[in-house]
Colleague: 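My questions all concern the structure below.
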Amino acid sequence: MQTLRSLEALERDGLVESDPRLAEAARAMAIAITPEMASLIDRTDAGDPIARQFVPSVRETEIAPEELSDPIGDEARSPVKGVVHRYPDRVLLKPLHVCPVYCRFCFRREKVGPGGEALSPAELAAALAYIRERPEIWEVILTGGDPLMMAPRRLGELIAALDAIEHVGVIRIHSRVPIVDPSRITGELLAAITPRRATLWIGVHCNHPRELSPAARAALAMLADAGIPLIGQTVLLAGVNDDVETLEQLMRALVSARVKPYYLHHPDLVRGTSHFRVSIERGQELMRALRGRLSGLAQPTYVLDVPGGHGKVPIGPAYLGDDPDAVQVRDAFGETHRYPG
Ligand code: SF4
């Protein structure tokens with residue numbers, strides 16, 4: 001089985017029916033569903049949470065007035081091509097725009113895809129020079145696109161170039177590959193991406209417990225066995241994981257796979273994605289429910305990327321009351337207690 005890359009392929013596979021509005025949706029964003037993900041889709045369930053993430057919907061042609069083409073303001077914070085410098089001590093470096101799957105809710109949906117250019121050698125050299133010249137940059141986050149789609153040799157060269165910059169202490173790779181295309185995690189890749197000096201972390205994007213297939217778990221085990229710390233990133237998505245049981249199972253499955261849940265992202269104001277959006281109030285309610293069900297190890301931080309490039313802020317529920325004369329603490333089960341002081 002091959003990656004499904006066109007509406008025709010999806011039609012043949014029984015995942016969509018012919019509709020001109022789908023062609024419009026497919027023009028706005030490429031299609032890719034790996035065999036690993038396609039095999040997880042329950043074709044008898046019209047609301048299947050795996051299909052919902054990757055199969056184009058006619059709802060993508062509805063653009064709400066508040067939606068943005070660059071919802072987290074990457075462009076406003078990009079001093080050189082491929083670099084986003086939002087916080088003093090870290091940068092994003094985007095060497096390519098290709099992904100193993102195309103997630104319909106993606107916050108970079110207008111940038112990712114096979115037509116999107118990768119950085120040329122000269123542009124990559126300029127991006128590395130930018131990092132080299134700024135000793136305050138301690139962490140470099142490789143994102144894209146998906147950096148683990150690069151050939152191991154090329155990615156290894158990039159990591160070696162970053163490793164040679166003394167002030168870069170941490171190199172972080174953000175990827176969906178271990179989950180959606182786990183056969184790409186090989187000994188050759190591990191040998192290529194392991195830096196000699198800096199510390200490598202990998203952030204794994206995973207939104208539903210079913211995504212943690214045996215093959216995905218084996219790929220994560222290879223990374224963890226190689227000593228690479230793993231963190232989980234989840235996007236809160238209507239119809240995919242906006243219920244407490246699914247989130248609970250997902251966070252438990254991630255911790256069991258040695259992935260520390262890191263962020264639960266509030267969905268961004270991406271054009272054509274209103275059908276994925278959940279209210280902040282609902283997100284807080286879910287976080288409150290998770291607090292009563294899961295240990296601290298399995299709790300992600302619920303964050304909002306402030307539109308305009310202003311960065312992430314935690315937006316989880318508050319546990320302290322606003323009485324100026326007494327500290328009131330709300331426990332994980334909703335009861336309020338007075339705390340002296
Ligand atoms: S893998 Fe990541 S960057 Fe690529 S489409 Fe999905 S969310 Fe966007």
Side-chain angles (χ1 to χ4, degrees), residues 3-5 10 25-38 40-41 49-57 60 67-75 78 82 84 92-119 141-150 155 172-185 202-208 211-212 216 219-220 230-241 250 259 262-273 275-277 300 303 305 312:
T3 295
L4 303 171
R5 294 192 183 277
L10 298 188
R27 270 195 299 280
M29 187 190 200
I31 295 169
I33 310 179
T34 54
E36 192 69 35
M37 288 298 103
L40 296 179
I41 295 173
I50 308 296
R52 189 168 166 78
Q53 295 181 65
F54 307 117
V55 175
S57 157
E60 291 171 41
E67 292 177 341
L68 304 163
S69 60
D70 180 17
I72 65 166
D74 276 354
E75 275 158 34
S78 180
V84 179
L92 302 183
L93 174 56
K94 300 187 281 184
L96 82 172
H97 293 295
V98 176
C99 300
V101 284
Y102 291 108
C103 313
R104 308 316 297 177
F105 52 85
C106 175
F107 65 128
R108 296 201 181 107
R109 65 173 274 146
E110 300 192 23
K111 295 281 182 297
V112 295
E117 344 145 39
L119 291 185
I141 301 161
L142 295 178
T143 179
D146 194 316
L148 293 185
M149 292 297 281
M150 292 169 77
L155 181 56
R172 195 192 327 166
I173 296 175
H174 278 184
S175 179
R176 198 110 156 88
V177 161
I179 303 293
V180 301
D181 198 2
S183 62
R184 282 181 180 269
I185 306 300
I202 295 186
V204 180
H205 175 176
C206 183
N207 298 325
H208 193 276
E211 291 173 37
L212 287 151
L220 293 169
L230 304 173
I231 52 175
Q233 304 216 72
T234 296
V235 186
L236 180 60
L237 296 165
V240 174
N241 57 20
L250 173 60
V259 181
Y262 176 48
Y263 280 152
L264 176 66
H265 294 270
H266 188 74
D268 295 309
L269 293 172
V270 184
R271 279 152 56 93
T273 62
H275 52 301
F276 283 115
R277 260 188 317 275
V303 288
D305 232 307
K312 290 182 192 63

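Note that ligands are numbered from 1 as they come in the structure, with each ligand's atoms numbered from 1 the same way. Source: prediction; values computed, not measured.
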Colleague: Does Arg52 count as lying over the ring of Phe276, i.e. NZ or CZ under 6.0 Å from the six-ring centre, within 45 degrees of the axis?
Modeller: yes
Colleague: Can you tell me the protein heavy atom closest to atom 3 (S) of ligand 1 and the distance?
Modeller: Cys99 SG, 3.7 Å
Colleague: Are Glu211 and Arg176 ion-paired here, with the side-chain N under 4.0 Å from a carboxylate O?
Modeller: yes
Colleague: Which of the atoms in ligand 1, numbered in the order shown and given with their element, are less than 4.0 Å from a heavy-atom of His205?
Modeller: 7 (S)
Colleague: Please list the nearest protein heavy atom to atom 5 (S) of ligand 1 with its residue and the distance rounded to 0.1 Å.
Modeller: Cys103 N, 3.4 Å
Colleague: Got a salt bridge between Asp74 and Lys94, using NZ or NE/NH1/NH2 to carboxylate O under 4.0 Å?
Modeller: yes
Colleague: Which residue and atom name correspond to the protein heavy atom nearest atom 8 (Fe) of ligand 1, and how close is it?
Modeller: Cys106 SG, 2.3 Å
Colleague: Indicate yes or no for a side-chain donor-acceptor contact from Asn241 to the backbone of Leu237 under 3.5 Å, with no hydrogens or angles considered.
Modeller: yes
Colleague: Under 4.0 Å, counting heavy atoms only: does Arg108 come that close to any atom of ligand 1?
Modeller: no
Colleague: Could you walk me through whether Thr143 and Arg108 pass the side-chain hydrogen bond (donor to acceptor under 3.5 Å, both in side chains) test, one step at a time?
Modeller: CA-CA 11 Å; Thr143 179; Arg108 296 201 181 107; 3.2 Å; yes
